[in-house]
**Q** 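So that we are looking at the same thing, I have put the structure below in structure tokens.
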Amino acid sequence: MATGPVKRSFAPWEDPDAKAFIRFDNITKRFGEFTAVDDLSLDIYEREFFALLGPSGCGKTTLLRMLAGFEKPSEGRVFLDGHDITDVPPHRRPVNMMFQSYALFPHMSVEKNIAFGLKQDRMPKGEIADRVAEMLKLVKLEAFARRRPDQLSGGQRQRVALARSLAKRPKVLLLDEPLGALDKKLRGETQFELMDLQMELGLTFVIVTHDQEEAMTVSDRIAVMNEGRLVQVSTPAVIYETPGSRYVAGFIGDVNFLEATVVTAEDDRFELTSDKWATRIVATAGDHRAEPGETAWLSIRPEKMRISLDQPEDTSVNCVPGEVWDVAYLGDISIYHVKLDSGEIVKSSVTNLTRLVERPITWDDRVWLSWPRDAGVVLTR
Amino acid sequence: MRRGPSWFNIVSLLIGFSFLYLPIVLLVIYSFNAGRNVAVWAGWSTRWYSALLQNQQLLDAAWVTLRVAFISASVATVLGTLAALVLVRQGRFHGRTLFSGMVYAPLVMPEVITGLSLLLLFVAINFDRGFWTVTIAHITFSMCFAAVVVQSRLVTFDRSLEEAAMDLGCPPAKAFFLITLPIIMPAIIAAWMLAFTLSLDDLVIASFTTGPGATTLPMRIYSAVRLGVTPEINAVCTILVGVVAVGVLVASVITKRQEAERQRAERMAAANR
């Protein structure tokens, strides 16, 4: 697709002159005593595929519903394309939403469902028919136009919901856990279809999900939320490789934390030490708020920890001994749970490059775990 | 392993059903009695049915009853639906418990008390008793039944359907009429039918609140019976039983059809997954 290369260099959030398409300005939302969203500000850019990620109750759905107009912020303003839409009712907003339950009208056929929004705009009949046909083609449901929603499978219903929410060509498409009801395989396929669709139509998509893999797959940027606040907003790669806190590191992917004391914390050189190990822990990235003498954690992903039976030549840096505690064979990779001599259990994952049924490393083996200096991140929170 | 019903089961069934239906069966049989004396069988005849058509008093009473039932059921359904909407949708508002209690109180209130209090009200405000007072009284007590029926449907109604309609550019009121109302319509029809039947049946409340020229069929039958049961009354009652039975049958057939339709749709959905 022609948009491929464009997509690769797509990073308006790095451009200080770029104008926000959607802006949440100091938004607070309270439901009685409960604060669902707490003084949150966020900019989303045009043509971005943006994911709101977090555990249930973190405020991500509330944020999305404020964009759709179903909830009014207790404080703060919402802007869309430069206009303040805080007080605009949902039926006058140029955004459409795909609901988690799909919310298909059960008493209407697939084509009537898709035409519903167009009819509300009093579009001429001929144009409605053309648009509906176009949408049905887009989601490959031409043969099902006259079916009622209860005569469709889950995947087909999901497509109808998508077609209905896209029919009005909204400026922004909001997706509330759009793939939650699909089985895993279908979900994976649909994720790629969503990405293609978003690039093809050049629309801004905002998706709410609690599935970190889904957020990583589809989105340009992810906002990790917790307790009504943004914890970190960045690209999937930055969030995965340079998490800003232990919460983010733990929420996205698998991670090990090694607790130790800060010795040095400079620009690109962080050193931790602990009497638990003979080795020094050195990393090239970390939290610059770290102060010598403070407790900090080295956050390191399992796939970045090398496991070996032989003692490495240099054990003075980033090298700890332990014993294999558990082995999980997943086919493509094996995950070793290693109990360090200091008592912690850490994970190391190894890609199974050969068809060895007898694995060289197994239960109770003495092993060494080592990792390069640029593999881990030092976190203070 | 298949086994036929045991003797015990057959006897239990017979006793149970006789207890329920013997009086009605007797009533139906005696409505075809040729003789005037209710207790003595004098051969088959349909003369009491043709006599019914000549009995202007009974026909008038039936007409009054139907009109009262139709109007009161319609108004009660609208009011009951509104009450159900507030109870389900408004969330926790001040006085909700009190309000919902008050909506349901007439369900358990003795009819005599409901009738008496309405009578006192009509007398106090000097409202001429007759057709309209009976109708109003029937609206009062059947509204809560309608509210219960509609409420139970609304509880399971997915609000996101309305939100989806609004999201697609439909103002809230229009969304209610285009989306919510058609979907909950079966419950509303059921509520209407329940209210209609309740009104058709009622003797006590109607007796308290009626006036000259507004005698309902149950009242007419009751007063006729006090002078002695005639086969004519048996005939009226047989017709009523027939009407109710047909109504119940039709309703259950419709429900069965819908269920079968739904299952077929599900199979179809599963087949083209």
Side-chain angles (χ1 to χ4, degrees), chain A residues 31-32 61 64-65 67-71 89-108 112-123 141 143-144 147-157 161 164-168 170 172-174 176 182-183 186, chain B residues 81 88-97 150 153-190 254-273:
Chain A
F31 294 106
T61 301
L64 194 76
R65 288 172 62 81
L67 202 47
F70 299 131
E71 308 286 355
H91 61 278
R92 298 224 178 83
R93 293 192 183 198
V95 301
N96 283 135
M97 178 149 159
M98 193 186 142
F99 289 80
Q100 183 172 12
S101 62
Y102 306 148
L104 297 177
F105 307 133
H107 57 304
M108 295 183 193
K112 289 234 171 77
N113 262 284
I114 297 174
F116 186 86
L118 306 170
K119 272 194 195 147
Q120 303 312 312
D121 286 356
R122 301 183 197 286
M123 190 189 251
L141 282 176
F144 300 94
R147 292 265 185 103
R148 272 186 296 110
D150 61 356
Q151 297 168 324
L152 299 176
S153 69
Q156 290 165 340
R157 283 180 214 177
R164 187 179 71 179
S165 54
L166 283 171
K168 289 182 75 173
V172 181
L173 181 69
L174 310 175
D176 183 9
L182 304 183
D183 60 59
L186 195 55
Chain B
T81 304
V88 174
R89 300 254 167 119
Q90 199 52 57
R92 299 168 57 83
F93 58 91
H94 203 66
R96 188 187 186 283
T97 319
V150 176
R153 176 65 188 89
L154 274 177
V155 165
T156 58
F157 181 84
D158 182 4
R159 284 300 295 276
S160 62
L161 288 170
E162 263 177 30
E163 286 179 346
M166 285 190 260
D167 186 64
L168 292 164
C170 195
K174 198 176 167 197
F176 177 79
F177 285 105
L178 283 183
I179 304 298
T180 314
L181 208 54
I183 295 173
I184 65 168
M185 194 44 89
I188 291 180
I189 292 172
I254 289 173
T255 329
K256 278 241 173 77
R257 282 247 176 97
Q258 275 176 346
E259 180 65 15
E261 169 89 356
R262 200 180 57 77
Q263 282 178 353
R264 204 170 50 238
E266 268 175 11
R267 273 200 303 277
M268 206 156 138
N272 55 47
R273 189 171 289 274

**Q** Where on Ile183(B) is there a heavy atom nearer than 4.5 Å to chain A: the side chain, the backbone, both, or neither?
**A**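 Only the side chain of Ile183(B) comes within 4.5 Å of chain A.
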**Q** So which heavy atom on Gln120(A) is nearest to which on Gly169(B), and how close?
**A**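 In this case the closest contact between Gln120(A) and Gly169(B) is CB-O, 3.6 Å.
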**Q** Top residue by heavy-atom pair count (under 4.5 Å) with chain B, among Ala161(A), Pro89(A), Ser101(A), Ala68(A)?
**A**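 Among the listed options, the one with the most contacts to chain B is Ser101(A).
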**Q** Between OG1 of Thr180(B) and CZ of Phe105(A), what distance do you get to the nearest 0.5 Å?
**A**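 The CZ atom of Phe105(A) is 9.5 Å from OG1 of Thr180(B), to the nearest 0.5 Å.
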**Q** Side chain from CB out, backbone as N, CA, C, O: work out which of these in Leu118(A) comes under 4.5 Å of a heavy atom of chain B, or both, or neither.
**A**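 Leu118(A) has no heavy atom closer than 4.5 Å to chain B.
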**Q** Does Lys119(A) reach the side chain of Cys170(B), with side-chain heavy atoms less than 4.5 Å apart?
**A**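 Result no, sub-4.5 Å side-chain heavy-atom pair not found.
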**Q** Is Arg164(A) close to chain B through its backbone or its side chain, or both, or neither, when contacts mean heavy atoms under 4.5 Å?
**A**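 The answer is both parts of Arg164(A).
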**Q** Which pair of heavy atoms, one from Phe70(A) and one from Glu163(B), lies closest together, and at what distance?
**A**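 Closest pair (atom of Phe70(A), atom of Glu163(B), distance): CZ-O, 3.3 Å.
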**Q** Taking the side chain as every heavy atom from C-beta outward, state whether Leu178(B) and Phe116(A) have any atom pair closer than 4.5 Å.
**A**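 With C-beta onward as the side chain, the pair touches.
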**Q** So which atom in Pro182(B) and which in His107(A) form the shortest heavy-atom distance, rounded to 0.1 Å?
**A**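 What the structure gives for the nearest pair is CB-CD2, 3.6 Å.
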**Q** Of the backbone (N, CA, C, O) and the side chain (C-beta and beyond), which part of Phe99(A) lies under 4.5 Å from a heavy atom of chain B, both, or neither?
**A**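 When you check distances to chain B, only side chain atoms of Phe99(A) fall under 4.5 Å.
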**Q** More than 12 non-hydrogen atoms from neighbouring residues, nucleotides or ligands closer than 6.0 Å to CZ on Arg92(A), yes or no?
**A**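 No, CZ of Arg92(A) has 12 or fewer neighbouring heavy atoms, counting only those of other groups under 6.0 Å.
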**Q** Name the region of Asp167(B), side chain, backbone, both or neither, that has any atom closer than 4.5 Å to a heavy atom of chain A.
**A**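 Both parts, backbone and side chain.
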**Q** Of the non-hydrogen atoms in Met108(A) and Ile179(B), which two are nearest, and what is the gap between them?
**A**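 Looking at all heavy atoms of both residues, the closest pair is CE-CD1, 3.8 Å.
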**Q** Can you tell which part of Ala165(B) gets under 4.5 Å to a heavy atom of chain A, answering side chain, backbone, both or neither?
**A**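 Backbone plus side chain of Ala165(B), per the 4.5 Å heavy-atom cut-off to chain A.
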